[in-house]
Structure formats: structure tokens, C-alpha cells
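First comes the structure, then the notes that go with it.
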There are 2 protein chains.
Amino acid sequence: MTVKPDKREEIISAALELFAEQGFHGAPMALIAERAGVGAGTIYRYFENRDVLIRELYQELEETITPFILEGYSEAAPFRARFLHLGTRLLRFFIEYPLRFRYLEQFHNSPYGIAHRRDKMLGDEGRCNVFRELFDQGAAQQVLKDLPLAILFNLAFGPLVAVARDHVLNFITLDEPMIVKTIEACWDAVKR
Amino acid sequence: MTVKPDKREEIISAALELFAEQGFHGAPMALIAERAGVGAGTIYRYFENRDVLIRELYQELEETITPFILEGYSEAAPFRARFLHLGTRLLRFFIEYPLRFRYLEQFHNSPYGIAHRRDKMLGDEGRCNVFRELFDQGAAQQVLKDLPLAILFNLAFGPLVAVARDHVLNFITLDEPMIVKTIEACWDAVKR
DNA sequence: AGTAAAAGAATGAACGTTCATTCCGTTTGA
DNA sequence: TCAAACGGAATGAACGTTCATTCTTTTACT
């Protein structure tokens with residue numbers, strides 16, 4: 001017998017592909033099952049229902065981001081350098097894992113994402129503590145513009161996500177220098 | 001007899017509300033009909049099918065934007081002033097017409113929007129000629145960073161849309177000075 | 001003007017399809 | 001041999017669309 005073909009993993013991965021490529025609409029459970037090489041009923045042994053599958057997939061993806069962007073990160077580096085590091089890493093993550101990026105996008109622009117966002121806001125401490133910490137510190141040191149945190153976030157991440165989307169959809173092609181220049185431009189937007 | 005209650009208009013407006021508030025998912029034709037005060041079959045006298053309704057609604061909304069942001073616009077003003085004018089007007093449009101904004105968002109983040117975008121790209125001249133012209137000119141005069149047009153667009157509009165979304169979803173509250181500061185920050189991102 | 005006929009608009013019940021979920025017979029592994 | 005895991009047909013709910021029928025407006029005729 002070959003290595004156990006972990007069914008849960010197969011399902012997650014099939015769901016990621018299909019949701020990312022076709023949207024939530026274009027990915028009925030039967031198709032996910034087929035792509036995962038699994039009976040339709042089997043999915044329900046691992047996920048209570050469709051919604052749970054969608055949300056658990058989101059959780060798993062979100063958790064892969066932080067370790068990725070933190071690679072090579074130094075708390076000791078100057079503020080600007082840290083900003084640029086996290087920004088470029090994040091953009092590279094999106095580009096390197098286009099399916100995950102597309103999925104995260106789908107999720108965020110859906111009732112799931114909005115509910116999720118609202119919950120996160122209420123539980124005052126947002127996730128992505130890395131960014132949160134960085135921005136808090138930047139505000140304290142007055143290296144960032146005097147704007148609400150939420151707006152600073154959007155100034156930094158809005159373009160980043162937009163650019164990643166255009167790249168992933170093949171509307172533009174980002175190379176390494178362009179990534180850096182883009183993040184530097186984001187820095188110009190937030191720096192005082 | 002009261003004024004004729006133009007059915008097409010009723011349908012368009014009910015569809016806008018429902019799609020904006022509930023997403024494409026949460027707005028079955030029967031509900032749109034009910035909200036419009038119209039029989040289910042009547043919708044099909046005005047729109048060939050659901051897809052056509054969704055696309056025609058988009059067209060109508062898109063066409064209301066340009067006149068709005070052009071109000072008070074002077075071709076003669078300095079470049080930076082023109083950028084700030086268009087940016088703040090656009091952000092104000094989103095805030096003033098939250099349903100339209102939500103709908104446009106839904107549309108863009110759906111297969112409709114992506115197809116639409118691709119078409120626009122192929123027909124090389126993008127819409128929003130106002131912005132296109134401005135940015136072309138800015139690139140020529142070297143007041144903008146040396147980056148592809150598409151990236152400059154995203155640097156300017158990415159945060160704008162993100163901030164509008166957060167406002168419309170009540171995650172933040174934008175007042176007039178904050179709008180201006182936000183657009184000025186976008187300017188810092190694109191200016192050379 | 002008044003009325004009958006024709007045209008056009010509107011309706012909503014019914015249809016066919018799609019899809020998430022369930023159910024039950026079969027397989028697998030201990 | 002038994003229980004857990006699995007598969008996929010069956011089920012029922014939801015939905016877009018159709019169409020026979022009803023209601024409203026316009027036209028034609030005396």
C-alpha cells in the first residue's frame with residue numbers, strides 16, 4: 001500500500017483549487033468530491049457541511065501566511081526596512097501561491113469574509129499581530145502619518161492586494177524589482 | 001391616476017438594493033420581483049435573463065460615476081490638484097451611494113467583473129478615460145513614478161476602494177478632512 | 001361618444017434543473 | 001467478525017425560467 005492518501009487533505013486541496021478557480025458558485029460538492037477522488041458523502045465525514053469546509057479552509061490558509069512573511073524578519077531592523085520586508089514578503093506570498101490568494105480574495109468578498117472581519121474587529125485585537133504591532137509602533141514613533149490605524153492598513157494593503165490580483169489574473173506581470181518598487185510606493189503613502 | 005411607476009426602474013432599483021445588501025447569492029429572482037412590486041415573470045419582459053439584468057445594472061451604475069466626479073473639474077488646474085479632485089470626488093461618490101458602491105464591488109469580484117475587465121483590457125482603450133488621460137499625462141510629464149500604468153492605478157485606487165468599503169461596512173467613519181488626507185496619501189504613493 | 005374587438009403587458013403557478021445533504025449497502029482493516 | 005470508513009444513488013429544497021391565463025390599454029367602427 002502506498003502512503004496513506006489522507007482524504008481530508010485531498011478534499012481541502014480539491015476545494016482550494018475549485019473555489020479559487022471557479023468561485024464558490026462554480027464548485028458544487030459533487031465536483032469537489034470527484035476532484036478529490038472521494039465519494040460525495042465522504043466529505044461530510046470530515047466537514048460538517050459546506051460552510052464549515054469553506055471556513056476551515058480559510059483558517060488553514062490564513063495560518064500559512066504569518067510564518068511565510070516572517071522568514072528573515074528582524075525585529076531589530078529599522079522601521080522602514082521592516083515595513084518593506086513584510087510588504088514584499090506578503091506580495092510574494094500572493095504571487096507564489098496564486099490559488100491561496102484567489103481563495104482568500106473570494107472569501108473576503110463574500111458574506112463569510114464580512115462576518116469574519118466583523119468578528120475580528122469586535123474581538124478588538126486583530127489577527128496579523130505582526131502588522132498590528134508594526135503599525136502601532138510606527139504610530140507611536142510618529143514615523144507614520146497621523147491617520148487611524150485602519151486607514152494606514154488600507155493605504156498599505158489596498159495596492160498590494162490590487163497589484164497581486166492583476167498579476168495573478170495575468171493583467172500585468174510583476175518581476176522582483178517591480179515588487180520592491182510597489183512596496184516602496186506603499187511606504188511613501190503611509191510614511192509621515 | 002398617479003405617476004406611472006416605471007416597472008423597469010422598479011426592478012433595477014430592487015435588484016440594486018438586494019444585490020448590494022445580500023450579494024448575488026442572496027437575491028433570487030422571486031425576491032427581486034417581490035421587492036419591485038412586480039410579478040416574477042414581468043422581470044423577463046425587461047431583461048432577457050438574470051445575467052443580463054446583472055450586467056445592465058452594472059452598465060447603468062458605471063455611467064453615473066463619470067459625471068459625478070467631473071463636477072467642478074478643471075482641465076487647467078495643476079496636475080496634483082486634478083488628481084486630488086478626482087480622487088476625493090470618487091471616494092465621496094462611493095460614500096454617498098453606498099448601495100451602488102457595494103454593487104460595483106460585488107460585480108468586480110465575480111466572474112462577471114473579471115470577464116468585463118478582460119474585455120476592457122483587450123479593447124485597449126480602458127473606460128474611465130478621465131483617469132486614463134490624467135495618468136498618461138502625468139507619466140509624460142514625469143510627475144508620476146516610473147511604474148506601469150496599471151500599477152499606478154492600483155496604488156491610487158486600491159486604498160481608495162478599501163477605505164470606502166470599510167466606511168460603508170461601518171468599520172470606520174470617514175469625515176471630510178479624513179477623505180482629503182487619505183487621497184493626499186494616495187498622491188504620495190504615486191508622485192515621483 | 002360609446003362599445004366591441006384586438007393588442008400588449010403582467011402575472012404567478014408549474015416545470016425542469018441543480019445542488020447540498022442523507023441514507024444505506026459495500027468495503028476495509030483490526 | 002465487527003465496527004468504522006466509504007461511495008454514490010436517492011432525496012428534497014431552492015431557484016431560474018416559461019407560459020397559459022388575466023388584466024389593461026389602444027384601436028376600430030357605428
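Note on naming: letters A, B, ... go to the chains in the order of the sequence lines (proteins, then strands), and numbering restarts at 1 for each one. Predicted model only: the values in this text are computed from it and were never measured.
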Quiz item: Taking only residues at least two apart or on different chains, which pairs with a member in residues 76-85 of chain A satisfy salt bridge (charged side-chain N to carboxylate O under 4.0 Å, His left out)?
Solution: none
Quiz item: When you check the gap from the basic side-chain N to the acidic O, do R117(A) and D166(B) get nearer than 4.0 Å?
Solution: yes
Quiz item: Crowded around E34(A) CD? As in, over 12 foreign heavy atoms under 6.0 Å?
Solution: no
Exercise. Take atom CD of E10(A) and atom P of dG7(D), then tell me their distance rounded to the nearest Å.
Key: 11 Å
Between protein and nucleic acid, restricted to nucleotides 7-10 of chain C and to nitrogen or oxygen atoms under 3.5 Å apart, what atom pairs and distances do you find?
residue, atom, partner, partner atom, Å
dA9(C), OP2, R45(B), NH2, 3.1
dA10(C), OP1, Y46(B), OH, 3.4
dA10(C), OP2, Y46(B), OH, 2.8

Quiz item: Is the gap between the ring centers of H25(A) and H25(B) under 6.0 Å?
Solution: yes
Self-check item: Atom-to-atom span, CZ of F47(A) to C1' of dT21(C) - whole angstrom
Solution: 16 Å
Quiz item: Cation over ring, R165(A) on F101(A), under 6.0 Å and within 45°?
Solution: no
Practice problem: May I have the distance from Y44(A) (atom OH) to dC24(C) (atom P), rounded to whole angstrom? | Solution: 17 Å
Quiz item: What residues, two or more places apart in sequence or in another chain, satisfy ring-ring contact (aromatic ring centres under 6.0 Å, His included) together with H85(A)?
Solution: Y73(A)
Quiz item: Considering residues at least two apart in sequence or located in another chain, which fulfil the salt bridge (charged side-chain N to carboxylate O under 4.0 Å, His left out) criterion with E56(B)?
Solution: R8(B)
Quiz item: In whole angstroms, how far is the C1' atom of dA5(D) from the CG atom of D6(A)?
Solution: 13 Å
Self-check item: Sequence neighbours excluded, every pair satisfying ring pair (Phe, Tyr, Trp, His ring centres under 6.0 Å) that has a member inside residues 160-180 of chain B
Solution: none
Using a cut-off of under 3.5 Å, enumerate the N/O to N/O pairs linking the protein to nucleotides 13-19 of chain C.
none

